[in-house]
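Quick notes on the structure that follows.
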There are 2 protein chains.
Amino acid sequence: MDKPIQTRALQTRARLLEIGRAHFMRDGVSGLRVEQIVAEAGVAKGTFFSHFGDKEGLLTLLIGERMTAALDRIAAAAPPDAPDEFATALAPLMAEMAPDAQTFDIVLRHSGATGTDEEGPIARNFLAQVEVLTGWIARLQPDAVRADADPALLAEGVQAFMAHAMALTFCALHSATGIDARLRPFLRTWLAPLPVR
Amino acid sequence: MDKPIQTRALQTRARLLEIGRAHFMRDGVSGLRVEQIVAEAGVAKGTFFSHFGDKEGLLTLLIGERMTAALDRIAAAAPPDAPDEFATALAPLMAEMAPDAQTFDIVLRHSGATGTDEEGPIARNFLAQVEVLTGWIARLQPDAVRADADPALLAEGVQAFMAHAMALTFCALHSATGIDARLRPFLRTWLAPLPVR
DNA sequence: TAGCGAAAGTGACCACGGTCAACTTTCGGA
DNA sequence: TCCGAAAGTTGACCGTGGTCACTTTCGCTA
């Protein structure tokens with residue numbers, strides 16, 4: 001019924017992860033060769049794939065752990081007091097999500113775009129993002145953030161704008177302005193409280 | 001100075017495009033093999049790459065021409081009279097942009113995410129989308145659409161939500177509801193006119 | 001029309017992710 | 001302590017995208 005994982009397998013997996021992490025930190029996504037990792041770990045190619053499914057399987061773990069750390073730090077800090085501060089608060093997370101186009105690509109592909117129960121640390125991170133954002137938003141309603149919409153909907157919208165702003169990073173025309181500067185006008189318009197009637 | 005393109009090259013290119021289009025229409029992105037196309041066209045592999053750069057070069061042309069056709073049809077039709085009609089009006093375009101995950105992936109990667117001058121029919125389509133949307137929005141301001149924001153910013157925001165809604169299509173949890181149903185609440189909240197003070 | 005330079009096309013070759021049938025190791029129970 | 005089944009591992013093999021030094025074709029001018 002249960003399937004006990006042998007320590008041998010855990011060790012192999014840990015070794016692959018560690019070596020993969022080293023390569024990822026040094027060269028990013030593009031400089032990660034399965035054959036290289038496998039050679040350094042002293043195992044056969046097939047072993048890699050039996051552990052991670054495919055190359056992206058490892059990458060999602062590596063990217064996911066960085067995203068998790070970033071989000072944890074953000075959640076532990078003081079929540080922003082106004083929509084304008086959202087972008088700055090989220091900047092460290094976005095830096096992990098989109099250090100380069102290939103990474104961002106993987107993040108998007110495994111995002112489950114806010115809300116699948118499907119596996120994966122990236123998808124889980126997106127769910128956690130919504131929770132954090134929802135908390136921030138609910139806390140600021142109704143004075144600093146519009147109260148005529150569901151906080152969860154607003155939170156998802158923030159994610160959509162984050163993706164938009166990150167994508168613009170890889171476009172020559174917009175890469176000059178910082179990512180939070182690009183995000184801010186959208187969030188301001190999206191979250192602005194309705195004028196008092 | 002000028003570089004006259006030989007008719008021979010044009011014919012080869014046209015043949016590759018035509019065969020590629022046939023495969024794309026039958027099997028989508030995933031069922032497109034460069035070697036197959038090249039064999040049917042009776043040319044060498046290198047010829048393909050000298051014409052399109054890489055496999056995605058051809059795919060962006062094929063996807064781009066479908067997106068262009070869809071957007072042209074939308075632009076020619078009557079503009080929507082309320083935010084709620086945006087989603088329905090845009091549905092045919094979104095169907096071309098995201099018939100499957102792989103296609104959507106390519107679209108995103110070549111979008112220039114609204115606003116690079118960089119080449120490519122997909123990036124150009126994104127620019128054209130903004131123009132169409134800006135027109136729609138400006139037309140409805142200030143009664144049916146909020147007037148406190150720049151129409152271009154609102155248009156870009158619509159694109160961000162479109163991407164979000166399309167991404168949700170490939171997520172088990174959300175694929176049940178139609179894409180326009182998913183998009184509508186966001187657009188309603190994003191574009192809703194401010195209450196009269 | 002010979003011949004030259006550039007454009008177009010060729011195909012052997014490579015890189016690299018991924019597969020799978022066979023083999024080895026582990027471990028619980030008889 | 002031996003056995004069988006399942007977990008773990010192996011590495012030869014494959015598919016496919018992409019490269020590049022070389023050949024062929026074309027248009028032009030002397």
Side-chain angles (χ1 to χ4, degrees), chain A residues 1-21 23-24 26-63 101-103 105-106 109-110 120, chain B residues 1-24 26-63 100-103 105-106 109-110 120:
Chain A
M1 197 66 192
D2 56 344
K3 38 176 181 176
I5 299 166
Q6 301 177 8
T7 48
R8 174 179 52 146
L10 288 176
Q11 283 171 353
T12 304
R13 188 191 169 87
R15 199 143 26 99
L16 289 169
L17 258 175
E18 187 180 0
I19 294 170
R21 190 180 295 120
H23 281 260
F24 178 66
R26 182 158 14 90
D27 308 321
V29 170
S30 57
L32 200 146
R33 296 287 113 85
V34 173
E35 284 183 330
Q36 177 75 20
I37 292 175
V38 149
E40 284 180 33
V43 299
K45 230 175 175 184
T47 303
F48 179 95
F49 291 99
S50 83
H51 275 285
F52 304 110
D54 56 13
K55 187 184 169 181
E56 280 202 6
L58 172 63
L59 284 172
T60 55
L61 293 180
L62 296 175
I63 297 169
Q102 294 90 24
T103 304
D105 208 60
I106 293 174
R109 203 170 320 118
H110 291 82
Chain B
M1 197 68 192
D2 56 342
K3 39 176 181 177
I5 300 164
Q6 300 177 9
T7 47
R8 174 179 53 145
L10 288 176
Q11 283 170 354
T12 304
R13 188 190 168 86
R15 198 144 26 99
L16 288 169
L17 259 175
E18 186 181 1
I19 293 169
R21 191 180 294 119
H23 281 259
F24 178 66
R26 182 158 14 92
D27 308 319
V29 170
S30 57
L32 200 145
R33 296 286 114 84
V34 173
E35 284 185 330
Q36 177 75 20
I37 292 175
V38 150
E40 285 180 34
V43 298
K45 230 176 176 183
T47 302
F48 179 97
F49 291 99
S50 81
H51 274 286
F52 303 111
D54 57 13
K55 188 184 172 182
E56 280 202 7
L58 172 63
L59 285 171
T60 55
L61 294 181
L62 296 175
I63 296 169
D100 54 73
Q102 294 89 24
T103 303
D105 208 60
I106 293 173
R109 202 169 324 116
H110 292 81

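Just so we're on the same page: letters track the sequence lines, and every chain starts at 1. For the numbers below, each heavy atom of this structure counts, side chains included, while hydrogens, waters and symmetry mates do not.
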(message) Strictly below 4.0 Å: does B:R8 bring a side-chain N or O up to OP1 or OP2 of D:dT25?
(response) no
Taking every heavy atom of B:E35 against every heavy atom of B:K45, the minimum-distance pair comes out as OE2-NZ, 3.1 Å
Scanning both residues in full, the closest heavy-atom pair of B:D54 with B:F49 reads CA-CD2, 3.8 Å
Whole-Å distance, B:I37 CD1 to D:dG18 P, equals 12 Å
In whole angstroms, the gap separating P of C:dA8 from CD of B:Q11 amounts to 13 Å
Rounded to whole Å, CD of B:E56 lies from P of D:dG17 at a distance of 11 Å
SB check B:R109 B:E56 (cutoff 4.0 Å): yes
Result for 5'-nearest mapping on DNA chain D, choosing between B:T7 and B:G46, is B:G46
note: A:F49, atom CZ; D:dT10, atom C1'; distance rounded to Å ~ 14 Å
field: D:dG18 base / B:K55 side chain donor-acceptor hit below 3.5 Å
entry: no
Of A:T47 and A:L32, the one whose nearest nucleotide on DNA chain C sits closer to the 5' end is A:L32
Residues A:I5 and A:A9: closest non-hydrogen pair is CG2-CB, 4.1 Å
A:R13 CZ to D:dT9 C1', in whole Å, measures 15 Å
Worksheet item: Counting just side-chain N and O atoms, does A:T12 come under 4.0 Å of either OP1 or OP2 of D:dT9?
Response: yes
When rounded to whole Å, the CG to P distance for the pair B:D54 and D:dT19 reads 8 Å
Rounded to whole Å, CG of A:L10 lies from C1' of C:dT26 at a distance of 13 Å
Closest to the side chain of B:Q6, out of C:dT19, D:dT16, C:dA8, is C:dA8
(Q) Measuring to OP1 and OP2 of D:dG15, would you say a side-chain N or O of B:R33 lies under 4.0 angstrom away? (A) no
Can you see if the side chain of A:H51 gets near the phosphate of D:dT9 - specifically, an N or O under 4.0 Å from OP1 or OP2? yes
Shortest non-hydrogen pair, B:H23 vs B:G31, comes out as ND1-O, 4.3 Å
Between CD of A:Q102 and P of C:dC16 the distance, given in whole Å, is 15 Å
